[in-house]
Amino acid sequence: MTKPSLTLFGSTGSIGSQALDILRQRPDLFTIHALTANGNAALLAKQANEFRPSFLGLAEDSKIDELKSLLQYKPVILSGKNMVQEEDLYHSDLVLNALVGFSGFVPTMNALKAGKRVALANKESLVVGGELICNREKGLLERIVPVDSEHSAMLQCLVGESMEFVKKIIITASGGPFRTFSKEKMERVTVEDALKHPNWTMGSKITIDSATMMNKGLEIIEAYWLYDLPVERIEPVIHPQSIIHSVIEFTDGSSKAQLGPPDMKVPILYALTYPTRIDYPNPVLEWSSKMDMTFEPVDHARFPAINLAVQSIKAGGFKPAILNAANEVAVAKFLNREIRYIDIPSLIAETLTQYEPQGQVTYESLIECDREAREVASKLLLH
Ligand code: MN3
């Protein structure tokens, strides 16, 4: 039997690197068709020399010479920021989309339109394009397997169940580094404070999203599209230990949860092998040692980002795409020390008020909406 092939968008990031760690241990799972990176030519070359994909993609043109000088074989190299449009990248059985932010939207759409299965680590694809993927074009959703740990947990609890018996989804959140901070203390937090996540080691964008809890807001939208449940029935709860990755509550009063140490390799592996499982030495919980699991409600006054996300999906249309664009601009400005941590939700709320595009949600109009929302958000002066 021939091995299925894999395209990995974002191979040099946190999720991409961990996926390749798995495939290094289990080369029997996939042949690597293509790897892409934004600008880390050195790591991309190292990965390519090891896994020998036929195609490489590098978004930053200026790094092409560096990449070529480091390669020990001759793959086809695609470059530039439109590289993700190259059809050759999608000639594989599975596409793992581990890109960060809106940049992941186009590859998700391209892969789905090419009839491919998508292991989706890029939650922003569904935040921006959920309506298109789930309502407008038939059969696309069935080909998505989530990599996000909460959504993988939900899927693992839902296998063998019927959605008609699902009462609610309880989506767990670590609460991030500022879970116990007062509003006053939040006014003074630095970029360094925000980048220190208590449980997960991740890229900087998602780490800041976790600190503001916008990450949970984006994930509620992601769950809304994946599992087609009214947003009121998707309930966030703080669980600081990140052991329970989400819970499904059924109509008969029974609940199912998926548990494990916080380690992204479990959901990555599940997305790669779904609907089956394989034997793989991921870390497991030590049930014989003392283990605390605590839960607390979300304080929306201190973490307003979640409700901004919930309101945007209730309003629908372009609102979630605007929310996402404004959030990306706000996070970049915060990381660049142009705005304070507490200004992030204000900037998003203000962008949602000021920018109200008209018309139908289409692939093209979403791309235009993202561009314009970024412009509006970039020019906002907070006072
Ligand atoms: Mn998550």
Side-chain angles (χ1 to χ4, degrees), residues 10 13-19 96-102 104 108 118-128 130 144-158 169-179 194-227 229 231 234-248 257-272 274 282-283 293 295 298 303 305-306 309-310 313 320 323-324 327-328 331:
S14 172
I15 298 288
S17 300
Q18 293 183 75
L96 170 51
N97 184 348
L99 295 177
V100 178
F102 179 78
T108 297
V118 177
L120 189 64
N122 177 261
K123 65 192 74 182
E124 294 88 347
S125 293
L126 275 173
V127 171
V128 171
I144 295 180
V145 183
V147 174
D148 212 341
S149 61
E150 296 80 356
H151 305 77
S152 176
M154 295 167 201
L155 178 61
Q156 293 182 58
C157 294
L158 287 167
I169 292 177
I170 292 98
I171 182 168
T172 52
S174 72
F178 308 138
R179 178 174 61 87
L195 285 175
K196 272 181 226 140
H197 195 279
N199 302 348
W200 301 92
T201 308
M202 310 174 286
S204 60
K205 198 265 175 180
I206 184 171
T207 303
I208 302 302
D209 284 347
S210 297
T212 61
M213 294 199 71
M214 178 55 90
N215 184 52
K216 214 46 55 180
L218 299 177
E219 289 182 350
I220 289 173
I221 301 177
E222 188 184 7
Y224 168 84
W225 289 119
L226 282 170
Y227 304 115
L229 209 63
V231 73
I234 305 170
E235 198 177 298
V237 66
I238 307 278
H239 167 45
Q241 297 83 9
S242 299
I243 293 171
I244 290 186
H245 301 303
S246 276
V247 179
I248 303 290
Q258 187 263 342
L259 298 79
D263 187 317
M264 284 306 295
K265 283 213 181 100
V266 173
I268 294 169
L269 180 62
Y270 190 67
L272 291 176
Y274 177 84
N282 270 320
M293 281 192 257
F295 303 89
V298 174
F303 295 101
I306 298 182
V310 167
I313 191 63
L323 171 100
N324 179 67
N327 181 52
E328 289 188 28
V331 169

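Bear in mind that the values here come from a model prediction, so they are computed numbers and not experimental data. Every number for a ligand or one of its atoms is a count from 1 in the order of the listing.
Sorting the N, O or S atoms of Glu219 by how far they are from the Mn ion (ligand 1) puts OE2 first. Closest approach between the Mn ion (ligand 1) and any N/O/S atom of Asp148 involves OD1. Counting just the N/O/S atoms of Glu150, the one with the shortest distance to the Mn ion (ligand 1) is named OE1.
Shown here for Pro262 and Ser242, the closest heavy-atom pair between the two residues is CD-O, 3.6 Å.
Salt-bridge formation is detected for the pair Lys205/Glu124: a Lys NZ or Arg NE/NH1/NH2 atom is positioned less than 4.0 Å from an Asp or Glu carboxylate oxygen.
Put simply, the side chain of Tyr227 gets close to the backbone of His151: a donor and an acceptor are under 3.5 Å apart. Judged by distance alone, the side chain of Asn122 and the main-chain N or O of Asn97 form no donor-acceptor pair under 3.5 Å.
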